[in-house]
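Here's the structure we're looking at; comments come further down.
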Amino acid sequence: MKKRKLKILDNMVKANAVLVGLSLIMFFLFVSFLNNWFSLKTLIENSDFYNQYLKFLQGQQFDVFLIFLIPIFGAGIELFFRDKHRNYRDRSLIYMGFIVIVILILIYPKVVLGQIDYDYPKVFFLGISFKIDMLGYTVLMVSAFVWFYVIVYAHEYMKHEIHSTRFFFFLALTYSSVLGAIMAGDLLTMFLFFELMTLSSYTLVIHGQDQESYRAGYNYITMGLIGGFLIFTALVLIYVNIGDLRFTSAIVALDTMGSLKYWIMGLLVFGFGIKAGMAPVHVWLPRAHPVAPSPASAILSGVMIKIGAFGIIRVATSYYFPEMDGVFASGDPIWFTAQRVGAIIIWTGIVTMLMGVFLALIQVNIKKLLAYSSISQMGYILTGIGVALYLGYEGAMGYSGALYHIINHAIFKSLLFMVAGVIHYHTHELDMYKLGGLWKKLPLTTITFMIGMFGIIGLPLFNGYISKTILHHGLVEAYQYGSQVFILAEILFIIAGVGTVCYFAKMFYYVFIKDNDNEYKDLTFDLSSLDLALVSMSIFIVWIGIRPMFVIEQLIIPQLNTMAYSNYFIESYIENIRLFKFYDLIMAIGIILAGIGLFIIAKKYRWFQLKLPKWFSLGYIFLYPIYLIMQNICRLLYGDRCPYNDVEFSKLREKDQYKVGLIDRFVVTVSVINRRYERSFIRSDAFIYVLVLITVFAYLFSRLL
């Protein structure tokens with residue numbers, strides 16, 4: 001019986017290996033096609049089949065629905081098989097993920113022609129719309145490949161987890177909502193899918209169903225819904241004042257709205273910034289990652305927080321950018337709003353990257369370290385977005401760097417979280433100081449971790465070097481063509497890079513290199529679906545690092561050519577960019593050497609063991625005053641029966657205040673009003689969320705039909 005079970009497992013690994021291999025082959029054939037190994041123009045002119053295929057694409061409008069309905073269909077098949085046939089259950093989602101990749105590749109000609117732009121004015125009263133331009137297509141392709149490899153990885157990882165069917169079901173629903181948010185053609189559509197994404201992904205965070213998981217989940221869902229409320233408020237303000245929610249230029253109308261235009265952008269930036277892990281609204285991220293299964297962590301950090309960054313890019317470059325025609329100089333007053341907003345976003349990005357670096361340096365839990373690392377890397381992306389807005393007509397470099405880093409971070413951070421999952425899968429340990437010597441037992445995992453680490457620290461010939469170099473060029477342009485104050489931003493940018501190298505050197509040493517008394521005698525290397533996913537992601541990191549111009553030429557420049565950026569800047573600084581100049585290489589190597597030196601010094605003097613004072617927490621700084629306010633409200637509502645002396649509420653007393661974190665304070669203060677309802681709401685295993693999802697989708701498609 002055991003022998004038969006092993007054979008089935010081997011067959012599943014082989015099937016996954018075939019699909020993973022096919023996905024890589026398809027990608028590189030697609031790359032070859034776009035790199036003109038045979039000319040697209042020649043195909044269009046001489047190929048009857050291609051012309052017929054193009055006419056077929058032009059004659060239907062079901063592309064976007066196929067893309068986000070396929071994961072839902074896979075989720076339905078998965079529920080049919082459930083735990084009784086796990087291999088068939090997992091195959092349904094793996095095949096669905098593969099089919100999404102195939103469809104995205106096949107619709108590329110229609111995307112290039114700009115013909116995926118559909119309006120449905122009668123849905124949800126205000127109407128919804130979908131479009132796939134080159135920005136959306138780029139993020140779709142990255143999300144599709146990352147999600148496919150994570151699902152392959154999750155097949156092996158979730159074998160020993162309870163409620164794995166539920167996990168895969170909500171993973172599929174989350175995937176569908178992510179795809180819908182990316183393809184949204186207006187703010188209402190994006191808001192709806194954004195909220196569905198938040199609700200469905202909640203169950204991924206609370207999968208462990210212990211007290212810590214529920215607290216992290218409550219934090220996650222609360223922050224997510226607050227972000228949604230901010231976006232919805234901005235949506236109402238835009239509709240009332242402009243009357244159009246589509247992602248088109250609205251800067252002329254916004255310029256007549258005085259300070260309100262800045263409030264709208266602030267609401268949008270903070271609304272999407274919560275999901276992106278932007279400081280100071282990043283608090284959900286380091287709590288959610290340690291408790292969520294590693295496939296969920298890879299999705300949360302690799303894809304979902306990028307949707308937050310994508311949302312900021314989409315609204316900023318739509319509403320706050322002028323139309324292409326008629327803008328000929330950066331000094332045109334129409335750019336002033338974007339420039340002011342951009343300056344604020346630059347400094348928000350700098351603060352975010354530094355805060356993430358500092359907090360990552362002192363972490364012991366490897367998943368928590370990677371979570372704070374994601375916050376820091378989102379700071380890089382925000383800085384690029386800020387430069388893209390601040391420089392206005394001349395901001396193409398900042399836009400290119402931000403989008404390139406979205407692509408790169410999705411790949412190497414998903415890989416790093418999957419590596420953390422492999423470590424926990426084999427050792428059941430996440431404390432790096434209790435690990436060590438894993439390079440002997442997990443050589444392939446060690447190699448893939450090194451590739452991911454080389455990517456994120458910006459080592460030349462790996463993908464992170466490319467986007468960080470472009471972002472650095474953008475900051476240089478910010479003080480050359482803007483204000484000299486951004487020289488400080490560049491210095492802080494370099495310091496953040498040194499810190500990134502330091503905390504990854506720390507993780508690499510303590511997890512893989514340092515001698516450990518535990519010899520892991522029962523740990524043996526065996527090729528599985530875990531390794532297939534790790535190797536595939538590693539291939540992309542190396543390939544982008546040695547072939548960086550593909551992303552620039554085929555994905556980024558086509559976007560820039562449709563925006564109000566200077567053609568001269570695009571041709572001179574983007575199309576002919578030199579990424580391996582001596583100065584850039586020396587700076588990258590210097591940052592890495594400085595980071596390694598900082599690690600050696602910090603290790604010697606035990607700086608990593610430093611603990612922050614208890615009062616140095618957002619929970620104490622921002623939410624402790626709420627306790628005082630809520631206590632008085634409680635007395636007004638309940639009089640002498642106010643339950644502030646109860647065991648739960650006494651956590652917020654002054655003598656215990658240092659032991660209570662952000663989520664504890666929020667849970668307790670809200671529970672004063674209706675404690676029983678809140679508990680049943682959060683611990684109902686997301687039944688209400690499923691109900692909302694079903695209702696929304698049923699209503700949506702009933703109106704379409």
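Sequence positions, counted from 1, serve as the residue numbers for this chain.
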Original post:
Regarding His409 and Lys306, is there a side-chain donor-to-acceptor distance under 3.5 Å anywhere?
Top reply: yes
Subject >> Spacing of CG belonging to Leu171 relative to CG belonging to Leu93, to within rounding of 0.5 Å >> reply: 7.0 Å
Original post:
How about Phe27 and Trp543: are their ring centres within less than 6.0 Å of each other?
Top reply: yes
**OP:** Using side chain to side chain contact (heavy atoms under 4.5 Å, CB included) as the criterion, point out the one residue from Leu442, Leu534, Ile539, Leu416 that pairs with Thr448.
**Re:** Leu534
**OP:** Using the side chain to side chain donor-acceptor pair (under 3.5 Å) rule, take Tyr220 and Ser201 through it: C-alpha gap first, then chi angles, then the decisive distance, then the call.
**Re:** CA-CA 9 Å; Tyr220 173 77; Ser201 58; 2.4 Å; yes
**OP:** Give the C-alpha distance, both sets of side-chain angles, the deciding distance and a yes or no for side chain to side chain contact (heavy atoms under 4.5 Å, CB included) between Met278 and Leu382.
**Re:** CA-CA 8 Å; Met278 180 185 76; Leu382 288 170; 3.3 Å; yes
Original post:
Would you find more than 12 non-hydrogen atoms of other residues, nucleotides or ligands less than 6.0 Å from Phe73 atom CZ?
Top reply: no
**OP:** Hey, can you tell me if Phe30 and Tyr108 have their rings parallel, tilted or perpendicular (30° and 60° cut-offs)?
**Re:** perpendicular
Original post:
Can you check side chain to side chain contact (heavy atoms under 4.5 Å, CB included) on Met197 and Phe193, steps first, answer last?
Top reply: CA-CA 6 Å; Met197 178 182 69; Phe193 280 101; over 6 Å; no
Original post:
Are Tyr372 and Phe358 close enough, and set up right, to give a ring-ring contact (aromatic ring centres under 6.0 Å, His included), and what steps lead you there?
Top reply: CA-CA 9 Å; Tyr372 280 115; Phe358 176 71; 9.7 Å; no
Subject >> Distance, nearest 0.5 Å, that separates CG of Leu598 from SG of Cys502 >> reply: 3.5 Å
Original post:
So Phe540 and Tyr149, would you call those rings parallel, tilted or perpendicular, with 30° and 60° as cut-offs?
Top reply: tilted
Subject >> Distance-minimising heavy-atom pair for Ala276 and Met378 >> reply: O-CG, 2.8 Å
**OP:** Measure the shortest side-chain to side-chain distance between Asp431 and Asn365 over non-hydrogen atoms and say whether it is less than 4.5 angstrom.
**Re:** no
Original post:
Going by heavy atoms in the side chains, are Leu403 and Ile381 under 4.5 Å from each other?
Top reply: no
**OP:** Grab the two heavy atoms, one from Ile541 and one from Ile411, that are nearest each other, plus how far apart they are.
**Re:** CG1-CG2, 3.6 Å
Original post:
Is it the case that Asp584 and Thr469 place a side-chain donor and acceptor less than 3.5 Å from each other?
Top reply: no
Original post:
Should Pro71 and Leu179 count as side-chain neighbours, where that means a heavy-atom distance under 4.5 Å?
Top reply: yes
Original post:
Less than 4.5 Å apart, any side-chain heavy atom of Phe512 and any of Val419?
Top reply: yes
Original post:
Just how far is it from atom OG of Ser467 to atom NE2 of His472, taken to the nearest 0.5 Å?
Top reply: 13.5 Å
**OP:** Measure the shortest side-chain to side-chain distance between Ile103 and Ile70 over non-hydrogen atoms and say whether it is less than 4.5 angstrom.
**Re:** yes
Original post:
Side chains of Val20 and Phe98: closer than 4.5 Å at any heavy-atom pair?
Top reply: no
**OP:** Enter the distance from Ile305:CD1 to Lys275:NZ here, rounded to the nearest 0.5 Å.
**Re:** 10.0 Å
**OP:** Could you label the plane-to-plane angle of the Phe508 and Phe449 rings as parallel, tilted or perpendicular, counting under 30° as parallel and over 60° as perpendicular?
**Re:** parallel
Original post:
Is the side chain of Lys506 donor-acceptor paired with the backbone N or O of Leu361 at a distance under 3.5 Å, no angle test?
Top reply: yes
Original post:
Between Ser376 (side chain) and Met353 (backbone), is there a donor-acceptor pair under 3.5 Å?
Top reply: yes
Original post:
Which atom pair, heavy atoms only, marks the closest approach of Ile556 to Ser400?
Top reply: CG2-OG, 3.4 Å
Original post:
Out of curiosity, Ile544 CD1 to Leu461 CG, how far, rounded to the nearest 0.5 Å?
Top reply: 13.5 Å
Original post:
For the residue pair Lys468 and Thr500, what are the closest heavy atoms and their distance?
Top reply: NZ-CG2, 4.3 Å
Original post:
What do the steps show when you test Gln559 against Tyr137 for side chain to side chain contact (heavy atoms under 4.5 Å, CB included), and what is the final call?
Top reply: CA-CA 10 Å; Gln559 298 174 44; Tyr137 187 78; over 6 Å; no
Subject >> Under 3.5 Å side-chain donor-acceptor pair for Ser374 and Lys413 >> reply: yes
**OP:** For residues Ala309 and Ile406, report the shortest heavy-atom separation together with the two atoms involved.
**Re:** CB-CD1, 4.0 Å
Original post:
So, do Leu173 and Thr203 sit near enough that their side-chain heavy atoms are less than 4.5 Å apart?
Top reply: no
Original post:
Atom CZ in Arg547, atom CD in Glu553: separation rounded to 0.5 Å?
Top reply: 9.0 Å
Subject >> Lys440 atom NZ: more than 12 heavy-atom contacts under 6.0 Å >> reply: no
Subject >> Closest approach of Gly302 to Ser414 (non-hydrogen atoms, all atoms of both residues) >> reply: CA-OG, 3.2 Å
**OP:** Report the C-alpha distance between Tyr465 and Leu459 in whole Å, list the side-chain angles of each, state the deciding distance to 0.1 Å, and finish with yes or no for side chain to side chain contact (heavy atoms under 4.5 Å, CB included).
**Re:** CA-CA 6 Å; Tyr465 166 80; Leu459 183 68; 6.0 Å; no
Subject >> Any side-chain heavy-atom pair of Pro548 and Phe580 under 4.5 Å >> reply: yes
Original post:
Will you find, in the side chains of Ser373 and Tyr503, an N or O donor that is under 3.5 Å from an N or O acceptor?
Top reply: yes
Subject >> Steps toward side chain to side chain donor-acceptor pair (under 3.5 Å) verdict (Gln377, His405) >> reply: CA-CA 8 Å; Gln377 295 301 307; His405 206 63; 2.8 Å; yes
**OP:** Show the numbers, then the answer: is there a ring-ring contact (aromatic ring centres under 6.0 Å, His included) between Phe65 and Phe68?
**Re:** CA-CA 6 Å; Phe65 298 104; Phe68 72 76; 5.8 Å; yes
